2 protein chains.
Amino acid sequence: MKALLCPGEGVQLVDRPEPRAGAGEVVLAVRSAGICNTDLELARGYMGFRGVLGHEFVGDVVEGPGGSRPPAKWAGRRVAAEINCACRGCPVCSQGHGNHCPTRTVLGILGRDGALAERIAVPLSTLHALPDALEDEQAVFVEPLAAALHAFDEVELARKDRVLLLGDGKLGLLIGLALADRRDQVARALAVGRHREKLAILAARGLEVALEQEFDEPAGFDLVIEATGSPHGLTSALKAVRPLGTLVLKSTYAGDASVDLAPIVVNELRVVGSRCGDFPRAIAALARGQVDPRPLISERFSLEDAERAFARAGEPGVIKVLVDPLRAG
Amino acid sequence: MKALLCPGEGVQLVDRPEPRAGAGEVVLAVRSAGICNTDLELARGYMGFRGVLGHEFVGDVVEGPGGSRPPAKWAGRRVAAEINCACRGCPVCSQGHGNHCPTRTVLGILGRDGALAERIAVPLSTLHALPDALEDEQAVFVEPLAAALHAFDEVELARKDRVLLLGDGKLGLLIGLALADRRDQVARALAVGRHREKLAILAARGLEVALEQEFDEPAGFDLVIEATGSPHGLTSALKAVRPLGTLVLKSTYAGDASVDLAPIVVNELRVVGSRCGDFPRAIAALARGQVDPRPLISERFSLEDAERAFARAGEPGVIKVLVDPLRAG
């Protein structure tokens, strides 16, 4: 089958043997897969990953262990799959924190091939059936939307709160859409980014928006969500949170960040790291139309054109690029 | 009067006019003052402070506004004084967060002379009377002990918790003594530092201790308290916290820290900045003997010898240096 491989650095469209499902696994035929910033960073050497990229996707259950038929419950079902494949036996997993299982593999990120391919093998335990009403181009956002919604899990929004979102990249915009859905719960909800046309997507959903270039010194926010993907954004975020306020970090950077961290202590901030989120909640938010991510789709490519798709995903101004293995090249 | 001045960089023993109390203030005759790491950093240019250093001290109330007699309640009382002088009128102060008042001055740190002098003027609102049973050499620790105890304010200790303290400097050791007082509330309490003789003070109070050099890779701690004062300590701390665990930051660094912050997001850590604490609680902990900081006193100097005292405070292996203006030079 065709697959987009990260051989350590960069990407390469290769021919690979089709994956076989192990015990407790199934093989999915990928219908559509998104490219996210983590993929771009992996291709720059982040995590030292070597393998097939891709962890945002929708697919059909087509095969069980060793080429057998899949369990009846799942056969032919269209699904999204969680990216963390936990051992389900260790103390961390027993406490319900499988996303942090120390021996976990992660689709297309850590020790396991991803979804920018015709087929992918995943544990049954990671599957979530998708409602028929959800189109593939919505369902492909389940994973990043789950991560976006998770930004609000460690904070209790209050009516008087002023909320600032920094970053209008792929993840930033999804968080912005989720914030727009919560707009009436807070006193102020502002998104600051670098791209007028991207911010317009959030403005259309009722969010206050501002260009970073024109909005130099935001300060005094009760909650700041940092999703710029750059150390510069972290510096801005640390200045923007009021004393005793909360900063949610959604960005991982490849490499060390040189940042003045004194405000964390001087202003006694609470900084919360936030990664993966709850799939059923994201599926529900999409199904109810609370969040419509389709305006974020910049372009769609066939799997044959996956290298071009990957390059395009890294270009300025481009938001979400989808790769559709069922699409003719 | 004599005073230890920070003219922007370094320190200098100078002759200054005695301070006068403004409205709502009193003048204190300083009995004893401690030198802390913040003082050492201020003398290296941190915060751009110019003025008399010193914010850990005990003194007697000797004068009211404009040279008048002090209010009867305070006249002649031996007191500790909080370091943050808040406006008491702004929204932040109204919410009870005077320590974060945006127009606050801070004794010997920001816009206000400190206590390494014969006399100091402070707002009445900052005063805390000291029990007679407390010796000066205990009472001089009220401010740093309040800060040390504050490290535990944003965390709820659980029986199963493994707690790691990083740093055996002046503040680290006080936190260690406070942790020793909580030893029975947690499963494990470990202090890691660089000085065998300093750690021995904590070991004597029942804490498990280890030399950093001999304890390379601490990991899996539910709570880590970072008090090393170095970016290197932050890097170790971020590795030592378990996924979903808590890191309390007590250190401020002069300058930018180049640190891999990815663990905050990947492991979804909660990072809490912690600065100043509650004075009455610290006074009570000293009075009840829950924390005895006297083993931390390395040396005592007269005010005439304050420059030498300051140099001594910065030497490796030295813990707390006190300057006693009542002591003959």
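Chain letters run A, B, ... following the sequence lines, proteins first and then strands; every chain starts at 1. Just so it is clear, the model here is predicted, and its values are computed rather than measured.
Contacts of Val92(B) with chain A are absent, with no heavy-atom separation under 4.5 Å from either backbone or side chain. Looking at Val248(A), there are no atoms closer than 4.5 Å to chain B (heavy atoms on both sides), in backbone or side chain.
Between Val265(B) and Arg275(A), the shortest heavy-atom distance links the atoms O-CB, 3.6 Å.
A salt bridge is absent between Arg194(B) and Asp168(B): the closest approach of a Lys/Arg side-chain nitrogen to an acidic carboxylate oxygen does not fall below 4.0 angstrom. Ionic pairing of Asp153(A) and Arg281(A) is present here: one or more N-O contacts between side-chain nitrogen and carboxylate oxygen are shorter than 4.0 angstrom.
Counted by atom type alone, His97(A) and Glu268(B) present zero donor-acceptor pairs between their side chains at under 3.5 Å.
The candidate from Gly273(B), Ser274(B), Pro102(B) with the greatest count of non-hydrogen atom pairs under 4.5 Å with chain A is Gly273(B).
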